Amino acid sequence: MGRMDKHHHEHYEVTVANRTGHPLELTARSVSGSFDRAPETGHVLAPGETDTFDVGTDRRPGETGTASLSYRMTDAPVAFSAVTGPPETARSRGTMQGAGGEDYACTVDRDARRGRSFITVERMRSRIPPMGM
């Protein structure tokens, strides 16, 4: 019991929901900690399905414990990446990339009390044309 490292162990869950109408392939995943249970890279998330990542993180003060995930559509040149983390870390974001990426949205919602993040990737319902310049 001699080690006095101020490690802070946390567990949180990340769910990715595919509402794009396209299959999504997991191309990268990383975490400062470990995935206790998670799909492997190369896994394909079918339209209408969800993936769940269980994350266990041992972090020192100043470390974020964030997880980052990247997917790409298997049949379109669109990809996205999302970053989220333990309940008290503020930074969560989703970013679309590629031609046509502006037709989709990636949102991250968090339920801090339950230690969960929900990443939703969906096709935008309506594109409002820009007003006259």
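All of these numbers come straight from a predicted model, not from anything done at the bench.
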Step by step, work out the side chain to side chain contact (heavy atoms under 4.5 Å, CB included) result for Phe80 and Thr27. CA-CA 10 Å; Phe80 78 91; Thr27 56; over 6 Å; no
- [ ] Output, in order, the C-alpha distance, side-chain angles, deciding distance and verdict of side-chain hydrogen bond (donor to acceptor under 3.5 Å, both in side chains) for Ser70 and Arg29.
- [x] CA-CA 6 Å; Ser70 297; Arg29 52 171 222 182; over 6 Å; no
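Contact detail for Val31 and Gly65: the closest heavy-atom pair is CG2-O, 4.4 Å. Taking every heavy atom of both residues into account, Pro23 and Asp75 meet most closely at CD-OD2, 3.8 Å. In terms of heavy atoms, Phe53 sits closest to Ala38 at CD2-CB, 3.4 Å. Looking at every heavy atom in both residues, Val78 comes nearest to Gly100 through CG2-C, 3.9 Å. Scanning all heavy atoms of the two residues, the minimum distance from Ile119 to Cys106 falls at CG2-SG, 3.9 Å.
Contact annotation: the side chain of Glu40 never approaches that of Leu26 to less than 4.5 Å [non-hydrogen atoms, C-beta and beyond]. Here the side chains of Val83 and Ser92 are not in contact, with every heavy-atom distance at 4.5 Å or above. Between Asp36 and His11 the shortest side-chain heavy-atom distance falls below 4.5 Å. Side-chain contact check for Arg116 versus Thr15: every heavy-atom pair is 4.5 Å or farther apart. Between Leu69 and Val14 the shortest side-chain heavy-atom distance falls below 4.5 Å. The shortest distance between side-chain heavy atoms of Val121 and Met96 falls below 4.5 Å. Phe118 has its side chain within reach of Asp111: a pair of non-hydrogen atoms, C-beta onward, lies under 4.5 Å apart. Using a 4.5 Å heavy-atom threshold, the side chains of Thr20 and Met73 count as touching.
Looking at Arg37, its side chain never comes within 3.5 Å of a backbone N or O of Thr52 through a donor-acceptor pair.
Asn18 and Tyr71 share no side-chain donor-acceptor pair at under 3.5 Å. No side-chain N or O of Ser117 forms a donor-acceptor pair with one of Glu13 less than 3.5 Å apart.
Between atom CG of residue Leu45 and atom CD of residue Glu25 there is a gap of 11.5 Å, rounded to the nearest 0.5 Å.
For the side chain to side chain contact (heavy atoms under 4.5 Å, CB included) with Tyr104, the qualifying choice from Glu122, Arg19, His22 is His22, the only one to do so.
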